[in-house]
Amino acid sequence: MDILTINDRPGEHPQSWYAATADAPGPYPAAEGRVKADVCVVGGGYAGLSAALHMASRGLDVVLLEASRVGSGASGRNGGQVSMGQRLEQDELETHVSMDDARMLWDLGAEAVDRVKTILRESGDDCDWRDGVIHANHRARFSHHSQQHVEHMQKVYGYDKIRYLDRDEVRHEVGSEDYHSGTLDMGSGHLHPLRYAFAIARLAEAAGARIHELSRVTRIETKGKPRIHTDKAVVEADHLILALNGYHNNLDHDVAHHVMPINNFIAVTEPLPADLAAKLIPNRHAVADSRFVINYYRMSPDNRMIFGGGESYGYKFSADIRAKVRAPMLGVFPELKNTKLDYAWGGTLGITMSRLPHFARLGPSSMSIAGFSGQGVALATLAGQIAAEAVEGQAARFDLMQSLPSPRFPGGPSLRTPLLALAMTWYALRDKI
Ligand SMILES: Cc1cc2nc3c(=O)[nH]c(=O)nc-3n(C[C@H](O)[C@H](O)[C@H](O)COP(=O)(O)OP(=O)(O)OC[C@H]3O[C@@H](n4cnc5c(N)ncnc54)[C@H](O)[C@@H]3O)c2cc1C
């Protein structure tokens, strides 16, 4: 099983609405021969590109190796939601880590969103950024928790950009009878994810990073000074940053034990009539709902519903992704029954047991950043910067992130998928109750 080829053709972005509406930089040449650099970054998603941008901007000689095209992993295929904080809500985080660490993680999450906005500004492409993410409750019994969450965020973290939505308000914001309450966070937002990946790549290239596509790393040596091998090149660098997230296969065995790949799917409708688009999401915020297998969606600038949902726990994508996404979409918006789906695709993300990112040192000057657990648009961007800081000798934030709980998955890379499938089937069933 090879996650890079089981669902995709190397050198090609999946046929998504994103790929159809973005101009790719490059193509960048494959790496060849013996290459020397201060730093080698492996992986051309947000994490790797952001690390390369940060270091190249500070004058380091950076080589980035990407197996396919930049942004061809999860970074070019995701829901585009840019959320504050971490994957777990703060009150839940506080039960896993100290209050100081919970605050630090909140601050990092806020810095991550700021960093995204700075990159948009510097690149001159706003990537269709819009403020506002709604969390919508599909069960009335979750309303109390949402109210408490808003109060907690205001009182403990001084965060006042989030507010509670009662039944009428949530149904005004989301034209669906599926929801009973929710929250609206105006500090979060959404964007065109592939254009964002391309924006970072262009900035990194302009800062002097040497980007190589179709340069799959087949082996890494991390015990001493890193040596990184592709079929056609060997890179000798003072430092190595692995940024592979869900696409890591088994390049580093230990990372594979902590970060598990799971698939998720998105479908995009044909453009909707303007009055229907205005009825379904009048203020054009992004929405994520309270189901364990989350439905997440938003409206494109040309009035297409971009709807994500339906995980799978084998490595191969479903044969009929349209059908897989259509079912939850019609559960929320039955009026889209006769609407055509113009695009549908899948992507692979990396989750951890704790749902906190997994930062690891693989050797004296080699590290890995992964495990953004479905919230990587902002967090992977910041992770790249934090790894870059560690390369530059300021490792305090990397060390803090590395010290967070990140247990191994039971069963190891081979057994954990059936175990997870079993657990997920139970949770998916629970969503229906
Ligand atoms: C369908 C879907 C929806 C999502 N929705 C959201 C969302 O709305 N909001 C959010 O915050 N997050 C979301 N996520 C998660 C988010 O996309 C990821 O957390 C983020 O993109 C991770 O970035 P990354 O750079 O770590 O990894 P990736 O973007 O996956 O990049 C890893 C790169 O490494 C390359 N690679 C792998 N192996 C090798 C090798 N051996 N040699 C060289 N290169 C290699 C891959 O080709 C790939 O380009 C979603 C993910 C998916 C799949």
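Heavy-atom basis, side chains included; hydrogens, waters and symmetry copies ignored. Indexing begins at 1, ligand by ligand and atom by atom, following the structure's order.
- Among G384, A74, P10, A31, the residue whose heavy atom lies nearest to atom 18 (C) of ligand 1 is A74.
- The salt bridge (Lys or Arg N to Asp or Glu O under 4.0 Å) contacts involving residues 62-73 comprise R69-E213, where partners must be two or more places apart or lie in separate chains.
- Heavy-atom proximity to A380, at under 4.0 Å, picks out these atoms of ligand 1: 23 (O).
- The closest approach between a heavy atom of G80 and any atom of ligand 1 is below 4.0 Å.
- Not a single N or O atom of R69, backbone or side chain, sits closer than 3.5 Å to an N or O atom of ligand 1.
- Residue contacts with ligand 1: A378 is placed with no nitrogen or oxygen under 3.5 Å of a nitrogen or oxygen of the ligand (distance criterion only).
- R355 contributes atom CZ, which lies 12.5 Å from atom CG of L93 (distance to the nearest 0.5 angstrom).
- Any N or O atom pair closer than 3.5 Å counts here, and V42 shares no such pair with ligand 1.
- Using the six-membered ring where Trp is involved, F333 and F307 have ring planes that are perpendicular, over 60° apart on the 30 and 60° scheme.
- Ring geometry, H358 versus H258: the interplanar angle falls under 30°, so the pair is classed parallel (tilted spans 30 to 60°).
- Judged as a salt bridge (charged side-chain N to carboxylate O under 4.0 Å, His left out), and not counting sequence neighbours, the contacts of D254 are R408.
- In this structure, G246 falls outside the shell of residues with a heavy atom less than 4.0 angstrom from ligand 1.
- Taking only nitrogen or oxygen atoms, main chain and side chain alike, A47 reaches within less than 3.5 Å of ligand 1.
- In terms of polar-atom proximity, defined here as any N/O pair under 3.5 Å, G374 does make such a contact with ligand 1.
- Looking at A243 against ligand 1, only its backbone comes within 4.0 Å, counting heavy atoms.
- Of the polar atoms of V377, at least one N or O is found under 3.5 Å from an N or O of ligand 1, judged by distance alone.
- Looking at S354, its side chain does come within 3.5 Å of a backbone N or O of P405 through a donor-acceptor pair.
- Proximity of T348 to ligand 1, defined as any heavy-atom pair under 4.0 Å, is confined to the backbone N, CA, C and O atoms.
- The shortest N/O to N/O separation between S68 and ligand 1 does not fall below 3.5 Å.
- Close contacts of ligand 1 with F372, meaning ligand atoms under 4.0 Å from a residue heavy atom, involve 19 (O), 26 (O).
- Residue L4 approaches ligand 1 through these ligand atoms, each under 4.0 Å from one of its heavy atoms: 37 (C), 38 (N), 39 (C), 46 (C), 47 (O).
- Those atoms of ligand 1 that come under 4.0 Å of a heavy atom in Q375, given as number and element, are 10 (C), 11 (O), 12 (N).
- Of the inter-residue distances, the one linking R77 atom CZ with S72 atom OG reads 6.5 Å to the nearest 0.5 angstrom.
- For ligand 1, the polar-atom distance check against S75 finds a nitrogen or oxygen pair separated by under 3.5 Å.
- Residue contacts with ligand 1: R216 is placed with no nitrogen or oxygen under 3.5 Å of a nitrogen or oxygen of the ligand (distance criterion only).
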